[in-house]
> 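Questions regarding the structure given below will be posed in turn.
Count residues from 1 along the sequence. Values in this document were obtained by computation on a predicted structure and should not be read as measured data.
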Amino acid sequence: MKLSDYVWQYVEKLGVRHVFMFPGGGAMHLVDSLGNNGSLEYITLLHEQACAMAAETYARIDYNFGVALVTTGPGGTNTVTGVAAAWLESTPMIIISGQVKTGDLKDSYGVRQKGNQETGIVDIVSSITKYAVMVKNPRKIKYCLDKAVYEAKSGRPGPVWIDIPLDIQAVDIDPDQLESYVPLDNNVDRRNLMMEKVKNTIKLLMEAERPVIIAGQGIERNNGKEKFRKLVERLRIPVLFSWIAVELLEHDHACNLGKPGMVAPRYSNFTMQDADLVIAVGTRLDPAMIGYNPEDFAPGAKKIIVDIDENELNKFQFEVELKIQSDATEFIEELLDQTERRNLSNIATAWLEQCQDWKKKYPVVLEEFKKDEGAVNPYYFIDTLSNELADDDVVIPGSSGAGIDVFWMCFKNRREQRTLATGSLGSMGYGIPAAIGACLASGKRTVCVEGDGSIQLNIQEFASIVGMNLPVKIFVNGNGGYLSIMNMQRNHFAGHFVGANSTSHLYLPNIMRVANAYGIKTYEIRFHKEMEEKIRETLEAEGPALCYVNMKDNIPIQPRVMSRVAENGSMISGTLRDLWPFLTENH
């Protein structure tokens, strides 16, 4: 059979249902074979970056591989941002690219390019993939695919890249004569060591008065979500989350104490900072969560950190009582087993009640935010949107900008909802292609919340949404520019705006007119009194819909860590417990 046909037959057997693609001459045989495959549905997007972003989110929603096909040269380089996001979020994604004929490769000539549009994409992406290879020997195609699949999901997952020259794509092969990849079993058996460390974890749990779990997205691998819920229900201790792990437990769950960090609800940071034991599972504990001063992170707590990546375990500049190199789900399974055998449950009732009291006392959405003053308060908008969504909606915020801080602080997720973003890379333009990938993977109504600046970077995919008539509902934060950049320039450069809004050479179009031109129904929220009605109209509209939200100008992001000026004029660095706006002593 033709090698390009074999590639898609292989992908089909992985259980993948959709492949995101942008056609090109350098991938012509792969493109034709994908179109002839009766089981895979190809999704033609309008930019390779969008293909990669859609595939990345698709993989996380579907708990399988995301797959994209691109061509040589700019086709590959345009894909890099989405691959970088998958690398940082540990997402198993397969990129297949076309390449110039083997006779046109620059190889050892020392030139920058020999073939038309030739680019050494394997060298470019090697640092952000678990495996990247150019297939020069047709008999190695199965070997390369086998190894790519193994690497993408083994250990800490991540993206892989297979580059196939044009003439290799067209070769006839005998599938029975292909070389296979058999991984070497060189892994040290960590199971027994992990079991012993779980015993020590339980000992520390029983000694603790104020234990806290910090949960990360690593728990969602290998169907860990429901096992994690079972563990939480048994122990009944406070749980904190990284931004992109919020869907592990619904907002109203008694043990959900939110997302701590530099910009965070007060109750979340109080819970983390007052703990005497922190168990971090499947999260890299980045500075946005634990601050930039290692000594300030849960200063009175013993710390247990569980991570599949040994390098993540060894990076910390504070004392760690237990470092456990393990898959998050395997750790949770073992902890469940040992706590059940020891009949360990409800171990910190008084402490959980204290944290719940903080959650009630310090809401993020204040009553003053609900006052209608001629434009929409973003805190009140996200709060209202949360109330109007269905129990099984998929929600995709963008990945950058000040509006994302507000979203993650205010959004009240429900048990069956899926909520995903790429928090690590924070690339503008993520929301729309991610919503496409999420919608196709889930088959559910998908709600995207994006900024009026960020949405421009992949606005061409409006056409894809309309063409497929996807039930994607887009809410655009109308900030009149790049809000996070404006806030930065207000705070650090006395309001000297450069490339941030219409007064500083940034030109954004009327998004409603643009959406209408693509054939998307549009709505607008100008005042609080019409917010619920317009949200419902947008959500209930047939097919795609967009709602422009006229946001109030110059809304400060709060609560957040911020330095203050002492009486002697010196600067005092803010701590995770002392958030701005600062509380008075009697609070």
Side-chain angles (χ1 to χ4, degrees), residues 22 44-51 53-54 78 81-82 374-376 378 381-382 385 396-404 406-407 421 426-436 439 446-470 472-489 497-527 530-531 534-535 537-539 541 543-555:
F22 193 108
T44 310
L45 300 185
L46 300 176
H47 197 290
E48 292 90 352
Q49 183 186 93
C51 291
M53 290 176 170
N78 284 345
T81 299
V376 176
F381 166 69
I382 296 298
L385 178 64
I396 305 293
S399 286
S400 62
I404 304 309
V406 175
F407 176 89
S427 52
M428 295 177 69
Y430 167 86
I432 296 301
I436 292 172
C439 188
T446 302
V447 178
C448 177
V449 182
E450 261 283 23
D452 55 358
S454 177
I455 203 169
Q456 298 299 324
L457 273 74
N458 275 306
I459 199 169
Q460 75 284 340
E461 302 308 331
F462 279 5
S464 302
I465 292 173
V466 172
M468 290 182 279
N469 194 33
L470 297 177
V472 173
K473 317 300 177 182
I474 306 161
F475 291 88
V476 179
N477 296 327
N479 301 313
Y482 301 147
L483 179 58
S484 62
I485 302 300
M486 287 190 283
N487 284 343
M488 177 188 69
Q489 292 174 347
F497 295 136
V498 179
N501 60 9
S502 61
T503 68
S504 60
H505 303 180
L506 175 67
Y507 310 110
L508 299 180
N510 182 312
I511 194 67
M512 295 180 66
R513 291 182 182 176
V514 173
N516 284 329
Y518 277 100
I520 298 176
K521 303 181 201 66
T522 57
Y523 304 86
E524 183 177 11
I525 300 174
R526 296 166 297 171
F527 312 107
E530 61 187 12
M531 188 150 49
K534 295 299 182 181
I535 288 175
E537 288 181 1
T538 305
L539 293 174
L546 179 145
C547 182
Y548 178 79
V549 186
N550 181 35
M551 291 295 183
K552 189 175 179 181
D553 186 38
N554 201 15
I555 293 290

> If the condition is side chain to side chain contact (heavy atoms under 4.5 Å, CB included), which residues does L508 pass it with, not counting sequence neighbours?
D452, Q456, L506
> With sequence neighbours left out, what residues match F22 under ring pair (Phe, Tyr, Trp, His ring centres under 6.0 Å)?
none
> Can you list the steps and then say if N477 with L483 is a side chain to side chain contact (heavy atoms under 4.5 Å, CB included)?
CA-CA 10 Å; N477 296 327; L483 179 58; over 6 Å; no
> The criterion is ring pair (Phe, Tyr, Trp, His ring centres under 6.0 Å); which residues satisfy it with F381, sequence neighbours excluded?
F475
> Got a sec, which residues hit side chain to side chain contact (heavy atoms under 4.5 Å, CB included) with I404, two or more places apart in sequence or on another chain?
W243, P397, W408
> Using side chain to side chain contact (heavy atoms under 4.5 Å, CB included) as the criterion, list what pairs up with N501, not counting sequence neighbours.
M486, F497, T503, S504
> Can you list the residues that meet the side chain to side chain contact (heavy atoms under 4.5 Å, CB included) rule with S484, with sequence neighbours excluded?
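Applying side chain to side chain contact (heavy atoms under 4.5 Å, CB included) to S484 gives A402.
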> I'd like to check the side-chain hydrogen bond (donor to acceptor under 3.5 Å, both in side chains) partners of K552; sequence neighbours left out, ordered by chain and number.
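For K552 the side-chain hydrogen bond (donor to acceptor under 3.5 Å, both in side chains) partners, ignoring immediate neighbours, are E373.
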> Would you mind reporting whether M53 and S427 have side-chain heavy atoms less than 4.5 Å apart?
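Result yes, sub-4.5 Å side-chain heavy-atom pair found.
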> If we only count heavy atoms from C-beta on, is the I396 to Y430 side-chain gap below 4.5 Å?
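They are in contact (side-chain heavy atoms under 4.5 Å apart), so the answer is yes.
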> Got a donor-acceptor contact below 3.5 angstrom from the N510 side chain to the M512 backbone?
yes
> Tell me, please, which residues at least two apart from N469 pass side-chain hydrogen bond (donor to acceptor under 3.5 Å, both in side chains).
none
> So, using side-chain hydrogen bond (donor to acceptor under 3.5 Å, both in side chains) as the criterion, who are the partners of S399 when residues are at least two apart?
T422
> By salt bridge (Lys or Arg N to Asp or Glu O under 4.0 Å), which residues pair with E524, not counting sequence neighbours?
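Applying salt bridge (Lys or Arg N to Asp or Glu O under 4.0 Å) to E524 gives none.
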> Of all residues at least two apart in sequence or in a different chain, which pass the side-chain hydrogen bond (donor to acceptor under 3.5 Å, both in side chains) check with T538?
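Counting only residues at least two positions away or on another chain, T538 forms no side-chain hydrogen bond (donor to acceptor under 3.5 Å, both in side chains).
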> Return all side-chain donor-acceptor pairs below 3.5 angstrom for residues 459-466, not counting sequence neighbours, or 'none' if the list is empty.
{"unit_1": "Q460", "atom_1": "NE2", "unit_2": "N458", "atom_2": "OD1", "d": "2.9"}
{"unit_1": "E461", "atom_1": "OE1", "unit_2": "L46", "atom_2": "N", "d": "3.2"}
{"unit_1": "E461", "atom_1": "OE1", "unit_2": "S464", "atom_2": "OG", "d": "2.6"}
{"unit_1": "E461", "atom_1": "OE2", "unit_2": "L46", "atom_2": "N", "d": "2.9"}
{"unit_1": "E461", "atom_1": "OE2", "unit_2": "H47", "atom_2": "N", "d": "3.2"}

> Report yes or no: does K534 contribute a side-chain atom to a donor-acceptor pair with the main-chain N or O of V549 at less than 3.5 Å?
no
